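Everything below concerns the one structure shown next.
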There are 2 protein chains.
Amino acid sequence: MQQGSKLSERKKKILQYVVDDYIETAVPVSSKSLTEKHLQNISSATVRNELSALEELGYLTQLHTSSGRVPSADAYKLYVSELMVKDKLSDGELDYIKKIFLDKADNMEEVIKNTTKVISELTSYPSVGITAKDNAEKIENIKFFRYRKDQALVLIVTEHRLLKDNYINVPESMSDEQLSESETVLSNMVKGKTFEEICCLEPELEDNFLGYKNIFVNVIEALRAYMHSSDDDVITEGEDKILEHPEYADVGKIKNFLSVVTKKDKIMSLLTEDGKDIEINVKIGSDGYEDIPEDCSLVTATYSANGVKLGTYGVIGPTRMDYQKVVAVLENVGKVLESILSNR
Amino acid sequence: MQQGSKLSERKKKILQYVVDDYIETAVPVSSKSLTEKHLQNISSATVRNELSALEELGYLTQLHTSSGRVPSADAYKLYVSELMVKDKLSDGELDYIKKIFLDKADNMEEVIKNTTKVISELTSYPSVGITAKDNAEKIENIKFFRYRKDQALVLIVTEHRLLKDNYINVPESMSDEQLSESETVLSNMVKGKTFEEICCLEPELEDNFLGYKNIFVNVIEALRAYMHSSDDDVITEGEDKILEHPEYADVGKIKNFLSVVTKKDKIMSLLTEDGKDIEINVKIGSDGYEDIPEDCSLVTATYSANGVKLGTYGVIGPTRMDYQKVVAVLENVGKVLESILSNR
DNA sequence: AATTAGCACTTGAAGCAAATGAGTGCTAAC
DNA sequence: GTTAGCACTCATTTGCTTCAAGTGCTAATT
């Protein structure tokens with residue numbers, strides 16, 4: 001990977017203009033257009049020499065000998081990390097982010113859904129996200145709600161979440177009092193324990209369950225299933241936004257794109273990584289990530305609040321993507337999210 | 001609207017073959033191909049005469065003078081109601097339906113999600129559905145679960161459902177005992193009442209709330225919000241399946257299609273109607289429904305179990321749609337659904 | 001040594017005409 | 001009522017030319 005500093009200032013400037021223009025117009029950029037728009041004081045021939053050098057260095061490519069230049073994956077990466085002028089969001093956009101999260105920050109599900117939604121709406125690219133599911137998260141309370149003779153909803157309160165999608169079977173012969181008692185016993189037992197610790201319990205082998213063994217087996221089974229289910233943790237939003245970009249005028253490409261975005265396990269593995277707070281990460285398909293289509297980029301940020309990792313969220317779109325906007329949105333969403341969740 | 005019986009048997013047969021072939025191949029069908037595939041005993045000239053007559057009657061159209069014939073909206077409607085040979089699903093497909101619903105029939109949400117999912121997967125078209133939200137559904141029980149100092153989850157058990165997505169604010173000053181007492185009072189009060197009755201209550205004006213007025217106001221507010229929210233009741237699945245069909249090779253068309261399918265209020269109004277049990281209903285875009293794109297069809301069925309209407313589900317796709325398969329899937333899903341939910 | 005003007009060369013895109021062929025409609029015979 | 005036969009239509013394909021945008025290279029200039 002090339003170091004940006006190896007390039008002369010002029011080369012950097014020219015490369016920046018090429019990427020700027022290409023992102024804006026989607027048309028390969030020519031030496032002539034560069035001198036007309038940005039570099040009136042040097043001639044197109046000089047620019048051609050520079051472009052040729054940048055091509056040699058691997059930052060630019062040509063579709064054919066007589067076409068303008070197009071940035072390479074390396075160029076985009078350099079652009080995001082060094083060349084790009086950082087964008088600021090408008091006040092309206094900032095207000096929009098704040099409003100969304102203030103309106104609906106009651107439960108984690110809403111927050112997470114809104115995160116991908118906001119990102120997708122403001123960037124106009126499909127967004128993806130994973131919720132960090134923390135094995136070390138402590139359980140505070142467990143409650144059963146029997147809503148049918150043979151079935152109960154299991155409500156689990158943790159440090160950061162309320163889980164309410166787990167169900168267990170309850171023997172019809174069991175009385176409400178017995179169920180309530182088992183709830184108390186189990187609740188006391190799990191209080192302060194982490195998911196990991198609880199999943200490792202082997203109720204079959206223990207004695208202190210006061211006869212509620214099968215209930216406990218069911219609950220632990222449900223917890224294990226929850227911990228190992230990866231599906232619900234991947235959220236995508238605005239997949240159809242990809243259609244609005246000119247490089248996706250071809251149905252084959254759209255299919256290819258969607259076949260990746262809809263594969264939750266692939267998204268999962270792409271987003272799972274140890275990023276620091278709101279550190280922007282760019283992955284480009286043509287750069288060896290086989291789960292990202294050739295002409296796509298994935299730009300992500302990892303969010304935390306109160307030192308707890310919330311998850312990794314980002315945008316997936318054409319390599320020719322409005323990185324200025326995307327980075328600005330990701331950074332600001334992170335800030336708002338953190339500030340809102342911190343003063344809970 | 002033409003009556004099928006006005007057509008001679010031979011015309012019906014020919015029209016059926018035309019629609020069959022066109023659905024299969026997506027290519028305008030010619031007199032020659034008809035005589036070769038289906039009508040070896042009559043000449044292509046005779047078929048041409050019949051086709052010409054069917055065109056006169058409004059069942060067929062030509063793209064240009066020297067192209068084959070394409071069915072009109074009327075032809076498709078006649079095809080579905082009279083001409084089409086009813087398809088049977090394979091044992092594998094039937095097992096698939098049963099398995100899905102048996103695995104996850106615990107809660108209504110799952111059932112509903114799986115309904116659209118199964119329909120979409122088996123037909124390979126996008127599916128849509130609305131859950132019948134019955135004003136007259138009776139509430140059996142209400143429970144509060146306080147998971148944070150200032151907030152509680154409201155669990156509502158009705159005849160057919162468990163609602164668990166409503167939250168209320170709780171004054172921090174309120175003790176757990178007080179909340180539990182308010183729960184008992186409220187639960188007794190609503191037991192056996194319908195949503196409609198409860199939404200009409202005016203807690204501000206009543207006295208018998210033992211000082212829990214603001215909790216009750218909050219709950220009723222949440223219930224009203226739930227009853228009036230239409231968003232959650234519309235479910236769509238497999239929108240991307242539309243890409244697999246050759247008539248959607250054009251991105252403009254795809255956009256147009258998605259702009260309709262993603263508008264929940266439009267879907268809502270299209271699906272809201274008084275259909276009988278598993279009665280198949282076909283709406284064709286070019287037939288005056290302005291919310292359906294020109295070249296699209298919407299095929300729906302309304303499902304019930306134990307005499308209670310569950311909702312209306314269906315498929316939206318190109319007018320040139322595999323109606324045989326779609327109708328077979330819709331009918332069978334309805335049957336399985338009914339049988340599973342009836343012996344609860 | 002860097003810059004630039006000038007020119008030859010490449011190449012995709014656009015436009016056009018001719019050839020192709022699938023399909024119809026119509027007429028006259030069966 | 002059916003059918004063979006033929007003229008006619010029209011979208012599609014193919015090959016060809018022209019056009020313009022853009023580069024690379026060389027030689028002159030600063």
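Letters go in sequence order (proteins before strands), and every chain restarts at 1. On a predicted model such as this, the values are computed, not experimentally measured, just so you know.
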Grab the N/O contacts between the protein and nucleotides 15-18 of chain D below 3.5 Å, and write none if there aren't any.
none

Anything under 3.5 Å between a protein N or O and an N or O of nucleotides 28-30 of chain D, put it in a table, one pair a line.
none

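Residues satisfying the side chain to side chain contact (heavy atoms under 4.5 Å, CB included) criterion with Asn49(B), sequence neighbours excluded, are absent altogether. Remark: Tyr248(B) engages Phe257(B) in a ring pair (Phe, Tyr, Trp, His ring centres under 6.0 Å) (not counting sequence neighbours). Evaluation of the side-chain hydrogen bond (donor to acceptor under 3.5 Å, both in side chains) rule for Lys13(A) yields Gln16(A) as partners, not counting sequence neighbours. Applying the side-chain hydrogen bond (donor to acceptor under 3.5 Å, both in side chains) test to Ser297(B) and every residue at least two apart in sequence or in another chain returns Tyr323(B). In this structure, the side chain to side chain contact (heavy atoms under 4.5 Å, CB included) partners of Ala26(A), at least two apart in sequence or on a different chain, are Pro246(A), Arg320(A). Scanning for side chain to side chain contact (heavy atoms under 4.5 Å, CB included) contacts around Gln62(A) gives Glu55(A), Ser67(A), Arg69(A), with sequence neighbours left out. Partners of His245(B) under the side chain to side chain contact (heavy atoms under 4.5 Å, CB included) rule, at least two apart in sequence or in another chain, are Ser124(B), Tyr125(B), Glu247(B), Pro318(B). Remark: Arg48(B) engages no residue in a salt bridge (charged side-chain N to carboxylate O under 4.0 Å, His left out) (not counting sequence neighbours). Partners of Asp21(B) by salt bridge (charged side-chain N to carboxylate O under 4.0 Å, His left out), not counting sequence neighbours, listed by chain and number: Lys37(B).
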Query raised in the report: What string of B, S and - do you get for nucleotides 19-30 of chain C, 5' to 3', when a contact is any protein heavy atom under 4.0 Å?
Result: ---BBBB-----
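Atom P of nucleotide dT11(C) and atom CG of Leu63(A) are separated by 13 Å, given to the nearest angstrom. Distance Glu56(A) CD to dT23(D) C1': 15 Å, rounded to the nearest Å.
Take the nearest nucleotide of DNA chain D for His64(B) and for Arg10(B): the residue whose nucleotide is more 5' is Arg10(B).
The closest donor-acceptor contact from the side chain of Ser33(B) to the backbone of Val29(B) lies at 3.5 Å or more, if one exists at all.
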